[in-house]
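Below is one structure, written out as structure tokens; the observations come after it.
Order of the sequence lines fixes the chain letters, A, B, ..., with proteins taken first and strands second; residue numbering starts at 1 for each chain.
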Amino acid sequence: MEKVSFVLASDALEKLHAVGLMASVAAMSQMDVRVFVTMNAVTAFRKETIEKKSFRVEGEVGRRLLSKNAPMFYDLLSQGKMMGSLKVFACGMALDLLEEGLDHFHPVFDEVLGVAGFFQHAEGGQILFV
Amino acid sequence: MADDAGMKVDEVVDGRGLFCPGPLMELIKSIQLKPVGTVLAVLSTDEGSAKDIPAWIQKVGQEYIKTDKKDGYWEVIVKKIK
């Protein structure tokens, strides 16, 4: 099975959405997909952020994603998990810095991982950094 | 239902009004539940999906029949062969 992994580091809604799109469609296309959410991207998955839809938007497409009620990145990732081989990991370092556990975040996460653990999962496939 | 070429369509997946990749996701949900031999017509107002769906069909080894531009939407015909 082809494998592709994403390192999602940005909290910009447009980049979160792009990874949600690519990862979910890849998973539904019989690819093995891994998403490692790190740095500020982790904050976009907070339950509070999602509830208030208080995402950082960079431009017009991001604003329209919100105003047109498009499926959000966490919905796309959840659908990809249901329909294919997709795992989503939260960066342990980012959670340590935020002093928060996975219970503060959307349930799309499979587990907390460090970089070495992620590389083990990503071994043999492409890694894309967003 | 039969399309313009007379092919019998067993299932219509109406993804009109959905953002990409919504129509593709609707097709995937539907095709998983249907028996081999089912012919599905996916309706999409999203131009990207009209091109994505044939690519996905080829990738997963199902049979792509054709795409027709209708009045304000695309119709993609696919046959489940495995």
> For A/L21 and B/C20, which heavy atoms make the closest approach, and how far apart are they?
Replying inline: CD2-O, 3.5 Å
>> Need one label for A/M31: side chain, backbone, both or neither, based on atoms under 4.5 Å from any heavy atom in chain B.
In response: side chain
> Would you say A/E58 has more than 12 foreign heavy atoms packed within less than 6.0 Å of its CD?
Replying inline: yes
> Quick one: CE on A/M83 to CD1 on B/I28, what's the gap to the nearest 0.5 Å?
Replying inline: 6.0 Å
>> Between A/V130 and A/V57, is there shared hydrophobic-cluster membership here, with clusters defined by ILVMFWY side-chain heavy atoms closer than 4.5 Å?
In response: yes
> Are side-chain heavy atoms of B/L18 and A/P71 found at a separation under 4.5 Å?
Replying inline: no
> With the 4.5 Å side-chain cut-off for hydrophobic clustering, are B/L27 and A/L76 part of the same group?
Replying inline: yes
> Is it true that A/V112 and A/L98 fall in one hydrophobic cluster, defined by side-chain heavy atoms closer than 4.5 Å?
Replying inline: yes
>> Are A/L86 and A/V42 linked, directly or through intermediate hydrophobic residues, by side-chain heavy-atom contacts shorter than 4.5 Å (ILVMFWY only)?
In response: yes
> With the 4.5 Å side-chain cut-off for hydrophobic clustering, are B/V76 and B/V60 part of the same group?
Replying inline: yes
> So A/V25 and B/M25, side chain to side chain contact (heavy atoms under 4.5 Å, CB included) or not? Walk me through it.
Replying inline: CA-CA 8 Å; A/V25 173; B/M25 288 186 172; 5.5 Å; no
Considering distance alone, list the donor-acceptor pairs between chain A and chain B shorter than 3.5 Å.
| unit_1 | atom_1 | unit_2 | atom_2 | d |
| --- | --- | --- | --- | --- |
| A/E2 | OE2 | B/K59 | NZ | 2.1 |
| A/M28 | O | B/W56 | NE1 | 2.6 |

